[in-house]
Asks: 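My questions will all concern the structure given below.
Order of the sequence lines sets the chain letters (A, B, ...), proteins ahead of strands, with each chain counted from 1.
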Amino acid sequence: MSFRDLMRMALGSLHRQKLRSSLTISGVVIAIGAFVAMLSFGAGNQRMIADQFDDLGLFTTMLVFPSATGDSLQLDEAAVDRLSEINGVRLAYPYDHFDVEVSWGDTTVSVGAQALPTAALQTKYYTNLKAGRLSDEGSGTILVTEELLDHLQVEDADSFIGQNIVVAVKSASFDSAVARLFSDPDGNLQDRFASMEMDSLWEDGYLEGILRQELNAGTKRFLDGYLNAQALTEESFEICGVIQGGGSRRNRILPVILPIETARRFDAAGPSADPMELVPRIMQGEIFSRSPLSGKSYSQVTLDLHQYASHRAVSDSVESMGFEAFSFASQFEEIRRVMLFFNMGLGLVGLVALVTAALGIANTMVMSILERRREIGILRSLGAQPRDIRSLFLVESGAIGALGSLGGILLGWLVARAASMVAKIIMRNQDVQEMELFATPLWLIGFAMAVGILVAVLAGSYPARRAARVDPVEALRQE
Amino acid sequence: MSEVRLSCFDLSRHYERGPQTVRALDGVSLELREGEFLALVGSSGSGKSTLLNLVAGLDRPSKGDVEVKGRSLSDLNQRDLANYRARHTGMIFQSFNLIGHYSALENVALALAFTGTPHTQRAEQARAQLSELGLSDRVDHRPADLSGGEQQRVAIARALVTDPDLLFADEPTGNLDQDNSQQIVELLAGLCGKGRSVLMTTHDLELAGRYAHRILRLNYGRIEDERELPQNRRES
Ligand SMILES: Nc1ncnc2c1ncn2[C@@H]1O[C@H](COP(=O)(O)OP(=O)(O)O)[C@@H](O)[C@H]1O
Ligand SMILES: [Mg+2]
């Protein structure tokens, strides 16, 4: 009997027993589906670690924040220095950001800018250069991200290299604030003075009320002048490089990367117009000083680690200094742990399903032998050898395996897609860069197919041997 | 006299039934010549089917031997024995033994799967064989849609399509009415000659007497009686 004959007979027999065949095949579909989903995770993980994660330098980046609990230690220059001395830390640099206005030709946009030392730019986190080269400090050049190009509606990064932009920062105007404190632009101080009831002046709370009212109005005038009558400090640059934007939400790369020198100049121009900066200035009794905040503190410090540095050791040191550490790697480990459980669950389902599917196949084939004894006898009388009969049943169970594997591969792929979506939602919520944790390469599909067929053929081997041993004389005997 | 095609020597088939030994066949020797129509008669349980299964190479004897054209079947391995069944024998049964979910054509073509006939030629040959037996308008029918006589003729077509030199028919008329029985036996008698011999078992002595060239009577696994019927030989 040729393989074609065997195949045709096997498929015909599966086709005749539609319900039983489809139930048996479903078992294989579930088993192979679980396997494919599981292996997709493994394959995806491997691929992702290999290129994406490492590429982005996330394994060598750690973020430090002021502790959220208790009276928090400031992340100031001194703290940055101490952080940079931790074993395993290559570089520590603060997240020093400004709200700037960028003018290019006739276009002006308001964007975020951050100051970064040259060394930081050379870390993996920033080295996704799209066009040009990294800027050199003090040479009047500047590095921007693709995001700025979006804002300016520039399509081609290369064409932007060498263009000139003007970066300006607004600072609070101390002078106009003081002027407004004393001069009342509404000009009705006299009226209010006139309307004061001198008789009631010494009555309980009357004077206090007036005083409160005047202080409120005065403070409002001061802050209006402080925040709104802003002074502009600007500097012109030549674009030397465009890098990929993005980064994670926690460590976003802002559109404009200022040389440290420029940042110093912007700082020296006066207090930031950012209302948030008022509080620390007031707290430190420096609201009226012209200079930048003496103990300037940062919301975040980025640590660039040595390639083989222990994240745990570094984050322990950071925490013992009274700060909070956030490591992409450990975050990633957590996601992987969750996914591993998911994976083990799938593996268990796959294993149980595979065993069940194998039993189902064996059962189906044994039933098939009982029903087809006469057919076996006829085939033998026509010239089939016992091994032909064995092959017939092996091909039949193999066909169950193949059909089940096809369905299983499809199911597994769908499960992997769904799990990938869930994982991405978790990543987004946990503030980790979104990554593809699943991959279904061709070898995996081939492997799943092979496993499905192999398991099915193994499950069918006992029934097949039994079928081959059916005595044709018995089978053909008159019932 | 024509050449001996098949011979049995002291052929026995015993079944162990606990302490008892059932001697289904007990030392049978016979010869089947080319072109001969040999009928095997005997009451039920006398060992007719057992003998047929042995000479057809479906069963192995406990003792003795079957020789086909001078070659002993006991010397053949499973593969050669299967080959012998596929190319040299055709079997016909009382209960037809057609595959119920196959059409007449598919049943007949199935026999060609074991002779190495290319797929493209099988249907054609099967159709021709069915036409030869007057079944050209029944090729697509399933066995259940055919009469007993038609089913038996499909079975004969299946036996003949590989052009075997030995036809073994085990009570081919057992499930048929008188008219159909007569037609089938007449058909088998007509197939003898041209290098083909027929060995048929039956308990219809009257029918056997009308067509067979020779009748052997089996009783308790032994040949009890042999009768020549020269008037049924065509050349006479
Ligand atoms: N597998 C078996 N086990 C035991 N006895 C058997 C077996 N097959 C056949 N027999 C016995 O052998 C004898 C001959 O059977 P069989 O050749 O079928 O007779 P016939 O075809 O002449 O009716 C019967 O007595 C039967 O019971
Ligand atoms: Mg019988």
Side-chain angles (χ1 to χ4, degrees), chain A residues 1-21 364-365 367-396 399 464-479, chain B residues 13 15 24 44 48-50 52-54 56-60 76-102 106-120 122 143 155 158-159 161-162 164 168 170-171 174-175:
Chain A
M1 269 175 119
S2 68
F3 184 73
R4 189 171 149 191
D5 288 321
L6 293 171
M7 203 65 202
R8 188 188 278 173
M9 288 188 91
L11 291 179
S13 142
L14 290 180
H15 183 72
R16 273 193 302 282
Q17 295 286 347
K18 280 185 203 67
L19 180 65
R20 194 166 69 193
S21 302
T364 294
M365 298 317 285
M367 296 264 287
S368 192
I369 294 170
L370 297 178
E371 284 163 14
R372 287 155 71 192
R373 277 176 62 83
R374 181 166 291 266
E375 195 178 317
I376 293 169
I378 292 169
L379 291 174
R380 292 291 302 277
S381 82
L382 291 176
Q385 300 172 47
R387 48 174 293 186
D388 288 330
I389 304 299
R390 203 186 65 198
S391 301
L392 178 63
F393 281 77
L394 285 180
V395 166
E396 196 164 320
R465 246 182 303 138
R466 254 185 71 165
R469 280 205 305 261
V470 166
D471 179 3
V473 174
E474 293 275 348
L476 288 167
R477 198 193 301 281
Q478 197 64 35
E479 62 265 33
Chain B
R13 179 69 167 98
Y15 293 103
S44 176
K48 304 185 294 294
S49 299
T50 304
L52 224 62
N53 288 328
L54 287 172
L58 268 182
D59 199 4
R60 300 265 197 188
L76 302 183
N77 58 23
Q78 280 285 9
R79 202 179 118 222
D80 294 336
L81 206 56
N83 213 23
Y84 162 67
R85 291 197 300 270
R87 291 169 194 274
H88 295 281
T89 77
M91 285 193 91
I92 299 151
F93 305 90
Q94 177 177 351
S95 52
F96 321 130
N97 278 332
L98 296 171
I99 293 179
H101 45 260
Y102 279 6
E106 288 167 330
N107 266 289
V108 176
L110 182 61
L112 294 169
F114 301 96
T115 57
T117 311
H119 286 265
T120 47
R122 291 184 199 170
R158 180 178 63 187
V161 75
T162 55
F168 302 121
D170 193 3
E171 310 219 25
N175 282 1

Asks: Checking B:N97 against chain A: side chain, backbone, both or neither under 4.5 Å from a heavy atom?
Replies: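 B:N97 touches chain A through backbone and side-chain heavy atoms alike.
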
Asks: Does the side chain of A:D5 come within less than 4.5 Å of B:L110's, by heavy atoms?
Replies: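 A side-chain contact under 4.5 Å is absent here.
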
Asks: Between B:M91 and A:S381, which heavy-atom pair has the shortest distance, and what is it?
Replies: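 Minimum heavy-atom contact is SD-CB, 4.2 Å.
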
Asks: Contact part of B:L98 toward chain A, heavy-atom cut-off under 4.5 Å: side chain, backbone, both or neither?
Replies: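 Just the backbone, heavy atoms under 4.5 Å.
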
Asks: Using every non-hydrogen atom in the two residues, find where B:A82 and A:Q385 come nearest and quote the distance to one decimal.
Replies: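 The answer is CB-CG, 3.4 Å.
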
Asks: What closest approach, in Å, do A:R374 and B:S95 show between heavy atoms, and which atom pair accounts for it?
Replies: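 For A:R374 and B:S95, the tightest heavy-atom pair comes out as NH1-OG, 3.5 Å.
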
Asks: Between A:R16 and chain B, with a heavy-atom cut-off of 4.5 Å, which part of the residue counts as in contact: side chain, backbone, both or neither?
Replies: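 The side chain, not the backbone.
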
Asks: Do A:R387 and B:R79 come within less than 4.5 Å of each other through their side chains, counting heavy atoms only?
Replies: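 Sidechains of B:R79 and A:R387: no contact.
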
Asks: How close do B:Q78 and A:P386 get, counting heavy atoms only, and between which atoms?
Replies: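 Closest heavy-atom pair between B:Q78 and A:P386: OE1-CD, 3.5 Å.
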
Asks: Should we say atom CZ of A:R390 is surrounded by more than 12 heavy atoms from elsewhere, each under 6.0 Å from it?
Replies: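 12 or below, so no.
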
Asks: Only pairs of heavy atoms separated by less than 4.5 Å count here; which of B:E171, B:R158, B:H101 has the most with chain A?
Replies: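 Answer, by heavy-atom pair count under 4.5 Å with chain A: B:H101.
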
Asks: Which bit of B:Y102 comes within less than 4.5 Å of chain A, counting heavy atoms only: side chain, backbone, both or neither?
Replies: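 Just the side chain, heavy atoms under 4.5 Å.
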
Asks: Counting only heavy atoms closer than 4.5 Å, note whether B:A56 contacts chain A via side chain, backbone, both or neither.
Replies: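 For B:A56, there is no contact with chain A at all, as no heavy atom is under 4.5 Å.
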
Asks: Can you tell me if A:R380 uses its side chain to pair, donor with acceptor, with the backbone of B:L58 under 3.5 Å?
Replies: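 Here the side-chain-to-backbone pair does not exist.
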
